[in-house]
Asks: 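Would you mind keeping the following structure in view while I ask a few things?
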Amino acid sequence: ASAPLCGIGMFCPPANRYIGKGGDRMLERIASAFWGPFTLLILLGLGGYLTLQTRFFSIRCLPEALRQMCRGKTQKGVGRPSAWMAMSTALGATMGTGNIVGVATAMVAGGPGAILWMQIAALAGMMIKFSEVALAVEYRRLGSGPMGYLKLVSPSGKAKTLPAAFAVCCLSSAVGMGNMTQSNAASQALSSLSVPPVCCAVFFGIFTFMATGRGVGGVMRLSSWIVPVITVGYLALAGAAVWQERAALPLALRTVGEGAFGLRAAAGGAAGYGVRSAVRYGLSRGIFSNEAGMGSSPIAHAEADGKGPVEQGMWGILEVLIDTSLSCTLTALVLLTAGGGVFWQESGLDGAALATACFSTALDSRCGPVVSLFIALFGITSVCGWYAYGRRALEFLCPHCRTVMGVYRLLYAVGAALGAVWGSREIWLLCDFFTGTMLLLNLPGLIVLAPRVCRMVRTWEERRHRR
C-alpha cells in the first residue's frame with residue numbers, strides 16, 4: 001500500500017515506501033479517508049458556491065490584485081509585516097516538491113487531461129483561499145488565522161475547543177511536515193549534485209536555527225527576499241524550456257483537451273477510465289497543491305498590515321494563481337513538450353526523475369542539477385514558513401511563555417537536521433493525518449461563515465463604486 005496520492009505522503013521517497021503493519025496500516029487508512037473523494041467534493045462544492053455567489057470575484061478582482069502586488073499597497077504605520085511579506089511567507093510554505101514532483105506524478109497517473117481539470121480546481125481553490133484569508137484578517141483580534149474565526153463556530157461555552165484542536169494539529173504538522181519531510185526532500189534533491197546528506201543536515205540545522213532567531217517577523221522578512229527570487233527563477237526556467245520546445249506546444253494542448261474529455265478514439269471503457277483518472281488526479285492536484293482550505297496560509301496573511309480583509313484576500317487569490325495556475329501549469333507543459341512531446345511517455349520515468357529529465361531534454365543536460373537546486377530551495381522556504389505557522393499555534397496554546405518558544409525553536413532546527421538524513425514513512429503518514437485533520441477542523445468554519453464572506457465582497461464592491 002502506498003501513501004494517499006492527494007495528501008503530502010504522495011511525495012514520500014520510493015525507498016521509504018513499504019507495506020505498513022498494524023498501526024501504520026490503520027493510520028494510512030485514516031489519512032486516505034481524510035484526503036479522499038468526499039473531502040475533495042466538499043472543497044469543490046464550497047469553492048463553487050463562493051465563486052457563484054460572488055459572481056466570479058476571483059477572476060474580476062485580478063486586475064486590482066495585480067495592481068496591489070506591483071505597487072505594494074499597504075497600510076503604513078500599523079507595525080505589522082507588509083502584505084507582500086505575508087504572501088511571500090505563505091507562498092514559500094506552499095510551493096515545494098508538489099509543484100514539480102507532484103505535477104509529474106499526477107500527469108503520469110491521470111494523463112495529460114489532468115492539467116485542464118487542475119485549472120478548474122484552481123478556480124475553486126482561489127475563492128476558498130480568499131475566504132479563509134479574509135476571515136483570518138477580519139477576526140484576527142480573536143486569534144491568529146483559523147484559531148481566530150473558528151471561535152465563532154465552536155459550541156457555546158467551548159469557544160476555544162475547535163481552535164485549540166486546530167492549533168495542536170498545526171503544531172504537529174509543523175514539527176513533522178514543516179521541517180523533517182521538507183528537509184528530507186531537499187536533501188534527496190541535492191544528492192543528485194553529490195552533496196552528502198550529513199552536510200545537508202548540518203546546513204539545515206544551522207540555517208533553520210539562525211533564520212528563526214528573530215521570530216515570525218524575521219522569517220517573513222527573509223521570505224520576502226528569497227521566495228520571489230526563486231519563484232521567478234523557476235518560472236523563467238520553465239518558460240524557457242517550453243519556448244525551446246514551442247513547436248510541440250499545439251500537440252501538447254490538443255493532448256490535454258483530448259485527455260480531459262475523452263475525445264481521443266478509444267474503446268468506451270478505456271476512454272471512460274481515462275477521463276475518470278484525469279478528473280481525479282487533476283482536481284486533487286489543483287486543490288491540494290495550494291493548501292486551499294487547510295488553514296495554514298491564513299496564519300501568515302493575518303499578520304499583514306493590509307487595508308482590509310477583502311484586499312488581503314486578493315493576495316490569497318494571487319497565491320493560488322502563482323502556485324497552481326502558473327507554476328504547476330508551466331511544469332506540466334515542460335513535461336508535455338520535451339522531446340517533441342513524446343519523451344514523457346517513452347522515458348518510463350516518474351516524479352522527480354521525469355521532471356529533471358524533461359528539463360534536461362528541452363534545454364541542456366546542465367539544467368537537471370538546476371532543477372534539483374530549485375527543489376532544494378523550495379524545501380528551505382517551506383521549512384521557514386512552517387516554523388511561523390507552528391510558532392503561532394504554540395503561542396495560542398501557551399501564550400506568554402518564552403521558554404516554551406525557545407525550546408520549540410531548538411527542537412524545530414534539530415528536526416530539520418534529522419529530516420535531511422532520515423526520512424521515515426511513519427512521519428509522512430503522520431503528516432497526512434495531521435494536515436488532513438487541520439483541513440477537516442477548518443472546513444466547518446469556512447462553510448458556516450461563507451455567507452459572511454459573500455457579504456464582505458458585496459460591501460467592498462458597493463463602497464468602491466460609491467467612490
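Here the structure is a predicted model, which is why all the values come from computation and not from measurement.
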Asks: Restricting to side-chain contact (heavy atoms from CB on, under 4.5 Å), what partner residues turn up for Pro444, sequence neighbours left out?
Replies: none
Asks: Can you list the residues that meet the ring-ring contact (aromatic ring centres under 6.0 Å, His included) rule with Tyr139, with sequence neighbours excluded?
Replies: none
Asks: Suppose we screen for side-chain hydrogen bond (donor to acceptor under 3.5 Å, both in side chains). Which residues come up paired with Thr381, at least two apart in sequence or across chains?
Replies: none
Asks: For Gly92, is there any backbone N or O sitting under 3.5 Å from a side-chain donor or acceptor partner on Ser382?
Replies: yes
Asks: Any side-chain heavy-atom pair from Met456 and Leu135 closer than 4.5 angstrom?
Replies: yes
Asks: Between Trp386 and Gln182, is there a side-chain heavy-atom distance shorter than 4.5 Å?
Replies: no
Asks: Measure the CG-CG distance between Asn290 and Leu91 for me, rounded to the nearest 0.5 Å.
Replies: 10.5 Å
Asks: What's the spacing between Leu52 CG and Met127 CE if we round to 0.5 Å?
Replies: 10.0 Å
Asks: With sequence neighbours left out, what residues match Thr329 under side-chain contact (heavy atoms from CB on, under 4.5 Å)?
Replies: Met118, Gln119, Leu333
Asks: Grab the two heavy atoms, one from Met147 and one from Phe166, that are nearest each other, plus how far apart they are.
Replies: CG-CD2, 3.9 Å
Asks: Looking only at non-hydrogen atoms, find the nearest pair between Asp305 and Ala83 and report the distance.
Replies: OD1-N, 3.5 Å
Asks: So, do Ile226 and Ile380 sit near enough that their side-chain heavy atoms are less than 4.5 Å apart?
Replies: no
Asks: Salt bridge or not for Glu395 and Arg391, using N-O below 4.0 Å?
Replies: yes
Asks: Specify the closest pair of heavy atoms between Ser144 and Glu303, including all atoms of both residues, with the distance to one decimal.
Replies: OG-OE2, 3.9 Å
Asks: For Tyr387 and Tyr408, take the angle between the two ring planes, folded into 0 to 90°, and tell me which bin it lands in: parallel under 30, tilted 30 to 60, perpendicular over 60.
Replies: parallel
Asks: Any salt bridge (Lys or Arg N to Asp or Glu O under 4.0 Å) pairs touching residues 37-56, not counting sequence neighbours?
Replies: Arg55-Glu461
Asks: Say you draw a straight line from CD1 of Ile317 to OG of Ser58; how long is it, rounded to the nearest 0.5 Å?
Replies: 5.5 Å
Asks: Can you list everything that forms a side-chain hydrogen bond (donor to acceptor under 3.5 Å, both in side chains) with Ser372? Sequence neighbours excluded, please.
Replies: Ser192
Asks: Got a list of side-chain donor-acceptor pairs under 3.5 Å for residues 170-180, not counting sequence neighbours?
Replies:
unit_1	atom_1	unit_2	atom_2	d
Ser172	OG	Val168	O	2.8
Ser173	OG	Cys169	O	3.0
Asn179	ND2	Tyr412	O	3.2

Asks: Sequence neighbours excluded, which residues qualify as side-chain contact (heavy atoms from CB on, under 4.5 Å) partners of Leu330?
Replies: Leu235, Ala238, Val242
Asks: Could you check whether any side-chain heavy atom of Cys454 comes within less than 4.5 Å of a side-chain heavy atom of Phe57, counting everything from C-beta outward?
Replies: no
Asks: Might you point out which heavy atoms bring Ala302 and Gly145 nearest each other, and give the distance in Å?
Replies: CB-N, 3.9 Å
Asks: With sequence neighbours left out, write down each residue that passes ring-ring contact (aromatic ring centres under 6.0 Å, His included) with Tyr149, or none if nothing qualifies.
Replies: none
Asks: Could you tell me whether the side chain of Arg452 reaches within less than 4.5 Å of the side chain of Arg455, counting heavy atoms only?
Replies: yes
Asks: Apply salt bridge (charged side-chain N to carboxylate O under 4.0 Å, His left out) to Glu138 and list each qualifying residue two or more places apart in sequence or on a separate chain.
Replies: none
Asks: Should Pro146 and Ile299 count as side-chain neighbours, where that means a heavy-atom distance under 4.5 Å?
Replies: yes
Asks: Have a look at Glu64 and tell me which of Arg464, Glu311, Met69 forms a side chain to side chain contact (heavy atoms under 4.5 Å, CB included) with it.
Replies: Arg464
Asks: Look at the side chain of Ser187 and the backbone N and O of Ser183, then say whether any donor-acceptor pair between them is shorter than 3.5 Å.
Replies: no
Asks: Find out whether Ile128 and Val320 are in side-chain contact, i.e. whether some heavy atom of one side chain is under 4.5 Å from a heavy atom of the other.
Replies: no
Asks: Any salt bridge (Lys or Arg N to Asp or Glu O under 4.0 Å) pairs touching residues 120-136, not counting sequence neighbours?
Replies: Lys129-Glu319
Asks: Between side-chain atoms of residues 197-223 and protein atoms elsewhere (two or more places apart, or another chain), which donor-acceptor pairs fall under 3.5 Å?
Replies:
unit_1	atom_1	unit_2	atom_2	d
Thr208	OG1	Phe204	O	2.6
Thr212	OG1	Thr208	O	2.7
Thr212	OG1	Phe209	O	3.3
Thr212	OG1	Arg409	NE	3.4
Ser223	OG	Val219	O	3.0

Asks: With a 4.5 Å cut-off on side-chain heavy atoms, are Pro228 and Trp84 touching?
Replies: yes
